[in-house]
Amino acid sequence: MFFKCALQLSLSASNLRNLDILSKSDPMAVLYVKKMDGTLEELGRTEVILNCLNPTWIEKINVSYQFEIVQNLVFHVYDVDTKYYNMSVKALKLNEQDFLGEATCVLSEIVTKRNRSLTLNLHGKNGLGGSKNFGTLTVHAEESCLSRMAVEMKLRCSQLGNKDMFSKSDPFLRISRLTESGKYVPICKTEVINNNLNPVWRPLYLSMQQFGSKDNPLLIECFNFNSNGNHVLIGQLHKSVSELEKLHKERSGANLVFPTHRGQEKVLKGQLFVDQFIGKEQFSFLDYISSGFELNFMVAVDFTVSNGTPRNQDSLHYIDPSGRLNSYQKAIIEAGEVIQFYDSDRRFPAWGFGGRYGGTVSHCFNLNGTNAYEVEGVQGIMASYANALHTVTLAGPTLFGPVINTAAQLASQATSNDITKYFVLLIITDGVLTDIEETMDALVRASDLPLSILIVGVGNADFKQMEVLDADDGCRLESSTGRVATRDIVQFVPMREVHSGQISAVQALLEELPDQFLTYNRSRNIKPLHS
């Protein structure tokens with residue numbers, strides 16, 4: 001799922017240069033996004049303000065914020081010639097206007113500020129102009145949010161039909177919204193409850209962006225889960241959010257139906273109940289981030305022998321003298337360069353695992369070779385990784401448990417000291433786990449903590465085992481003692497996986513992070529600061 005959010009940028013400037021002789025400059029601002037190939041794509045223009053060196057433009061510029069990529073913005077300010085006053089700003093040829101200054105920033109830098117405002121120094125084009133004062137440009141971001149209304153519902157079913165031969169059904173619900181084209185589009189689903197014909201699911205959170213309006217028809221389908229993906233329909237019903245609220249108030253159930261071949265419906269014995277219905281004000285990811293919440297980035301690198309000797313060119317750890325990045329370096333850079341903007345001190349815990357460190361094999365050692373586990377910035381991680389390849393001997397086996405437990409300990413400490421911190425652990429590995437049970441136990445325990453785990457598989461190994469850890473199929477992880485994970489905190493992707501458009505496999509991993517962050521905070525009723 002892509003995390004996108006519509007933003008409106010408001011612009012103002014101070015102390016602009018005056019290029020007009022008999023009056024003041026007539027400024028207009030233009031916004032561009034810099035693409036991966038370095039070219040600029042125009043996103044919008046403000047209106048022209050006459051005779052003003054301190055303009056506050058009214059015209060907003062729309063931008064689509066994407067958490068998972070670094071969005072480089074470029075602002076140009078022009079003094080528009082008087083002969084073009086009656087012309088639409090979109091029709092103006094910029095090369096015919098006088099250039100007043102340029103400013104650049106990353107969109108993430110704006111949205112992470114407390115008031116979502118960032119003041120930038122204007123300079124000459126491409127940084128030219130030296131110490132000359134070009135004035136400043138202030139950018140303020142607001143979400144184009146239709147409504148903050150959301151509902152939290154606790155759903156259950158009774159007397160479901162059994163679809164399994166040797167045990168009871170493993171039911172889950174899928175809710176879909178009716179679109180203008182007449183098709184139903186899935187908007188959310190519950191977890192799977194194993195072996196139960198009277199399931200009670202964890203509370204569901206639905207925003208108005210998802211369901212459209214309280215009277216919009218929803219299709220609620222109950223399926224029997226199958227690991228091969230061929231889930232079997234148990235029954236379904238059509239209800240709007242308003243009708244679900246009515247079921248809750250009346251404490252009554254609604255019968256499921258089963259569609260027949262002739263377009264008829266067979267009424268079933270099984271019923272749906274709404275045990276809880278709460279209307280809530282919905283806070284967005286950016287509401288939390290701009291109020292002071294942070295994402296704390298952590299990295300763990302696989303030093304097992306299956307990576308190949310680092311000095312050999314076919315090794316996954318080979319450092320190319322030409323500067324070409326290996327897969328480990330790419331994953332660190334691609335994830336780190338996005339998340340660093342959400343971490344104010346940019347001091348990142350970095351570990352290695354599966355290597356012989358100080359004479360013994362360690363499954364969680366400090367990557368920088370000192371007693372301190374934190375390094376300075378993304379470049380600090382890169383430097384520590386490169387140095388470790390000279391001091392650590394590749395060994396094995398591949399164990400995730402110790403690293404996950406160490407990260408979980410940091411996250412656990414934060415829950416009692418600072419609710420504004422949410423932790424993101426990036427594990428980069430080439431191999432098959434040998435401690436799958438211990439890893440699952442560690443992940444189930446960590447599912448109660450402010451922690452997400454991103455796993456990137458490098459090389460050509462069979463990573464099927466990793467997909468078990470990533471509960472995207474709706475079946476949550478279960479520990480060796482039978483405890484079920486509170487939520488899905490793992491995302492896995494093989495580095496070799498190709499994604500469409502301009503985002504890499506690693507950036508595709510990051511798409512889920514804002515939702516995992518929101519799920520954690522909403523489930524604990526943690527609100528943005530000062531809200």
Side-chain angles (χ1 to χ4, degrees), residues 7-65 69-142 290 337 340-341 344 346 377:
L7 295 180
Q8 287 191 324
L9 300 188
S10 303
L11 306 179
S12 60
S14 297
N15 302 317
L16 293 178
R17 290 188 301 152
N18 190 14
L19 300 186
D20 292 350
I21 296 172
L22 300 176
S23 62
K24 295 174 183 174
S25 293
D26 308 313
M28 172 187 76
V30 183
L31 172 60
Y32 303 89
V33 63
K34 185 182 279 188
K35 298 199 286 190
M36 290 183 74
D37 60 5
T39 59
L40 298 181
E41 177 188 332
E42 185 177 322
L43 297 181
R45 303 179 181 190
T46 66
E47 76 278 16
V48 178
I49 295 184
L50 303 181
N51 293 318
C52 187
L53 301 183
N54 300 286
T56 298
W57 290 282
I58 294 172
E59 188 69 32
K60 311 283 192 290
I61 300 177
N62 295 319
V63 179
S64 180
Y65 163 75
I69 61 175
V70 177
Q71 293 170 280
N72 292 295
L73 302 182
V74 179
F75 301 87
H76 286 175
V77 181
Y78 292 90
D79 175 16
V80 176
D81 196 297
T82 51
K83 63 185 176 187
Y84 298 114
Y85 283 175
N86 295 323
M87 189 181 289
S88 163
V89 291
K90 290 180 182 177
L92 290 175
K93 292 181 179 178
L94 298 178
N95 59 0
E96 295 176 353
Q97 318 307 321
D98 291 324
F99 184 75
L100 289 177
E102 174 184 279
T104 59
C105 72
V106 172
L107 185 53
S108 300
E109 291 180 277
I110 303 170
V111 299
T112 52
K113 293 293 181 224
R114 284 292 175 109
N115 57 359
R116 293 191 205 159
S117 290
L118 181 66
T119 298
L120 305 163
N121 288 320
L122 289 163
H123 49 72
K125 199 168 278 190
N126 299 319
L128 300 175
S131 58
K132 191 185 291 184
N133 182 13
F134 286 78
T136 61
L137 181 77
T138 297
V139 190
H140 176 70
E142 285 184 295
S290 61
E337 284 193 339
Q340 65 178 344
F341 292 104
S344 60
R346 299 199 184 180

Notebook entry, point to check: What heavy-atom pair brings C52 and I49 nearest, and what distance separates the two atoms?
Noted result: CB-CG2, 3.7 Å
Check: Between L122 and L100, does a side-chain contact (heavy atoms from CB on, under 4.5 Å) hold up when you go through it step by step?
Finding: CA-CA 8 Å; L122 289 163; L100 289 177; over 6 Å; no
Notebook entry, point to check: Is a side-chain donor or acceptor of R346 paired with a backbone partner of Q340 at a separation under 3.5 angstrom?
Noted result: yes
Next item on the list: Report yes if the side chains of Q97 and D81 come closer than 4.5 Å at any heavy-atom pair, otherwise no.
Entry: yes
Checklist line | Distance in Å, Y84 OH paired with E96 CD, rounded so as to fall on 0.5 Å steps | finding: 3.5 Å
Item checked: Euclidean distance, L11 CG relative to H140 NE2, rounded to 0.5 Å -> 11.0 Å
Notebook entry, point to check: Minimum heavy-atom separation for Y78 to K125, with atom names?
Noted result: OH-NZ, 4.2 Å
Next item on the list: Could you tell me the separation between the CD1 atom of I61 and the CG atom of L43, rounded to the nearest 0.5 Å?
Entry: 7.5 Å
Margin query: Main chain of E47, side chain of E59: is a donor-acceptor contact present, judged purely on distance under 3.5 Å?
Written below: no
Next item on the list: For D26 and N51, run side-chain contact (heavy atoms from CB on, under 4.5 Å): C-alpha distance rounded to whole Å, both residues' side-chain angles, the deciding distance at 0.1 Å, then the answer.
Entry: CA-CA 5 Å; D26 308 313; N51 293 318; 3.7 Å; yes
Margin query: Tell me whether R17 contacts the main-chain N or O of S25 through its side chain, where contact means a donor paired with an acceptor under 3.5 Å.
Written below: no
Next item on the list: Please examine the side chains of V139 and E109, heavy atoms only from C-beta on, and report whether any two atoms are closer than 4.5 Å.
Entry: no
Next item on the list: Using the side-chain contact (heavy atoms from CB on, under 4.5 Å) rule, take K34 and T104 through it: C-alpha gap first, then chi angles, then the decisive distance, then the call.
Entry: CA-CA 10 Å; K34 185 182 279 188; T104 59; over 6 Å; no
Check: M28 and L92: which non-hydrogen atoms are nearest, and at how many Å?
Finding: SD-CD1, 3.9 Å
Item checked: V48 vs M87, side-chain contact (heavy atoms from CB on, under 4.5 Å): CA-CA, chis, key distance, verdict -> CA-CA 10 Å; V48 178; M87 189 181 289; over 6 Å; no
Notebook entry, point to check: Distance from K113 atom NZ to S290 atom OG, nearest 0.5 Å?
Noted result: 12.0 Å
Check: Does any N or O in the side chain of T56 come within less than 3.5 Å of the main-chain N or O of S12, such that one atom is a donor and the other an acceptor?
Finding: no
Margin query: Would you compute the distance between atom CG of L31 and atom OG1 of T46 and round it to the nearest 0.5 angstrom?
Written below: 10.0 Å
Next item on the list: Check R116 against V111 and note the closest heavy-atom contact, atom names and distance.
Entry: CG-O, 4.0 Å
Notebook entry, point to check: Around atom NZ of K24, are there more than 12 heavy atoms of other residues, nucleotides or ligands at under 6.0 Å?
Noted result: no
Check: About how many Å separate CG of N54 and CG of L16, when rounded to the nearest 0.5 Å?
Finding: 7.0 Å
Note to self: Strictly distance-based, threshold 3.5 Å: is any side-chain N or O of T112 a donor or acceptor partner for the main-chain N or O of S108?
What the structure shows: yes
Next item on the list: Find out whether I110 and C105 are in side-chain contact, i.e. whether some heavy atom of one side chain is under 4.5 Å from a heavy atom of the other.
Entry: yes
Notebook entry, point to check: Mind checking whether H76 and L94 have side chains closer than 4.5 Å, heavy atoms only?
Noted result: no
